[in-house]
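First the structure, which I've put down as structure tokens, then a few questions once you've had a look.
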Amino acid sequence: AKWQKERGYPFSLLTEASLNLADDEPLLASMREAGFHRVFIGIETPVAESLHEAQKSQNRGDLLSSVKKIQSYGMEVMAGFIVGFDNDPLDIFERQIDFIRKSAIPLAMVGLLNALPDTQLWKRLEREGRLLGEDASGNNTVCTLNFKTRMDPAFLIQGYQRIMQTIYSPREYYERALVSMKRTAHEFREKPHYSVLTSLASFTRILVKLGVVDRERREFWRFFTKTLLKHRNRMAESLRLAAMGYHFRKLSDAYSQS
């Protein structure tokens, strides 16, 4: 924090943490002072029974309030989510969408549960005779399963695709991005040379990408106008979010066709 302050905050920092970071307010305050603007958290699921199954004991209490607490210290929350746990209820897809919407997490990385060799999950499924093959890549953002799920696999994959198509539809995504910027507005620092020059270059690239897609173009201009009115000192950040949203929409389109 001291080094950053003495040099006018030349770096915007990000890190990965567990959700119980929200319980440590002195640490959150120190991170804000040091210039941390983003944090990735493995939230996984809003279902308590599935969290217990995943042994995510650090994800405890009111998960939504914990996300909001971290955001209130000026940090955008990015998060990982998983569907396909044995304890997932049939409405897990709607519950994931609802949580992502209310938590205003723009970059919500949702995946299907897959078992990696030599993990506890793999060993349990092997004992139960439920393994279908190996998946050593660690890529759970494809529509394949390597074990026999409790939920009907076709229903699970369709639900997963519905999550992706919903949360990365232009209006849904840009609304979360706007709420996220509102919640993280506390003492935001953005270098002037970065916000002007980089924003101009980013703006040009994004217009080239979105200029031929009507529904995305309309939502982008709505998002851009609101950002200009309410967060004009954060244009570089808003354009980064717009670019990332475009990237994830392309991925969700690919998932829907797989």
Test item: Gln96 side-chain N/O and Ile163 main-chain N/O as donor-acceptor pair under 3.5 Å: no
Over all heavy atoms of both residues, which pair between Phe85 and Ala54 is shortest? Give the atoms and the distance, please.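 Looking at all heavy atoms of both residues, the closest pair is CE2-CB, 3.7 Å.
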Does any N or O in the side chain of Tyr174 come within less than 3.5 Å of the main-chain N or O of Phe224, such that one atom is a donor and the other an acceptor? no
Walk me through it: do Glu237 and Glu76 pass the test side-chain contact (heavy atoms from CB on, under 4.5 Å)? CA-CA 10 Å; Glu237 179 194 9; Glu76 173 197 328; 4.0 Å; yes
Keeping Arg60 on the side-chain end and Asn20 on the backbone end, is there a donor-acceptor pair under 3.5 Å? no
Which atom pair, heavy atoms only, marks the closest approach of Ile167 to Ala108?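 Result for this residue pair: CD1-O, 3.9 Å.
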Working for side-chain contact (heavy atoms from CB on, under 4.5 Å), residues Ile92 and Met151: CA-CA 11 Å; Ile92 182 59; Met151 191 180 292; 4.1 Å; yes
Between the side chains of Arg249 and Glu219, is the shortest nitrogen-to-carboxylate-oxygen separation below 4.0 Å, so that they form an ion pair?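 Judged by the 4.0 Å cut-off on N to carboxylate O distance, Glu219 and Arg249 do not form a salt bridge.
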Here the pair of heavy atoms bringing Leu241 nearest to Tyr173 is O-OH, 2.5 Å
Stepwise, does the side-chain contact (heavy atoms from CB on, under 4.5 Å) test hold for Arg124 with Glu53? CA-CA 11 Å; Arg124 176 173 68 83; Glu53 177 187 335; 3.7 Å; yes
Heavy-atom count check: over 12 atoms from other residues, nucleotides or ligands less than 6.0 Å from Glu6 CD?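 Above 12, so yes.
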What's the spacing between Leu145 CG and Leu113 CG if we round to 0.5 Å? 8.5 Å
Looking only at atom types and distance, does a side-chain atom of Ser238 sit under 3.5 Å from a main-chain N or O of Met235, one as donor and one as acceptor? yes
Per side chain to side chain contact (heavy atoms under 4.5 Å, CB included), Val67 is matched among Asp62, Ile41, Ile43 by Ile43
Ser18 OG to Phe40 CZ distance, which is reported to the nearest 0.5 Å: 12.0 Å
side-chain contact (heavy atoms from CB on, under 4.5 Å) for Arg38 and Arg240? Distances and angles first, verdict last. CA-CA 12 Å; Arg38 286 184 282 164; Arg240 172 185 60 81; 3.3 Å; yes
May I ask you to decide if Arg176's main-chain N or O and Ser180's side chain share a donor-acceptor pair within less than 3.5 Å?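 Checked: no pair found.
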Gap separating the CD1 atom of Ile97 from the CZ atom of Arg101, nearest 0.5 angstrom: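 Taking CD1 in Ile97 and CZ in Arg101, the distance rounds to 6.5 Å.
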Met31 side, atom CE; Leu28 side, atom CG - distance, nearest 0.5 Å: 6.5 Å
Nearest-0.5 Å distance, CD1 of residue Ile100 to CG of residue Leu107: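 Answer rounded to 0.5 Å: 11.0 Å.
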Nearest atoms (heavy-atom pairs only) where Lys56 meets Gly42: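 In terms of heavy atoms, the two residues are closest at NZ-O, 3.1 Å.
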Correct closest heavy-atom pair for Gln71 and Ser103 would be NE2-O, 2.9 Å
I'd like to know if Lys69 pairs up with Glu25 as an ion pair, taking the criterion as any Lys NZ or Arg NE/NH1/NH2 lying under 4.0 Å from an Asp or Glu carboxylate oxygen. yes
To the nearest 0.5 Å, tell me how far Glu16 CD sits from Leu21 CG.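 If I round to the nearest 0.5 Å, the distance is 12.0 Å.
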Pick out which of Asp86, Thr149, Asn146 makes a side chain to side chain donor-acceptor pair (under 3.5 Å) with Arg130.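 With Arg130 as partner, Asp86, Thr149, Asn146 yield a single side chain to side chain donor-acceptor pair (under 3.5 Å), made by Asp86.
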Would you call Asp88 and Arg95 a salt bridge, using N to O less than 4.0 angstrom? no
Using atom types as modelled and distance alone, determine if a side-chain donor or acceptor of Gln4 lies under 3.5 Å from a backbone N or O of Phe11. yes
Can you label the angle between the Phe248 ring and the Tyr168 ring as parallel, tilted or perpendicular, going by 30° and 60°? parallel
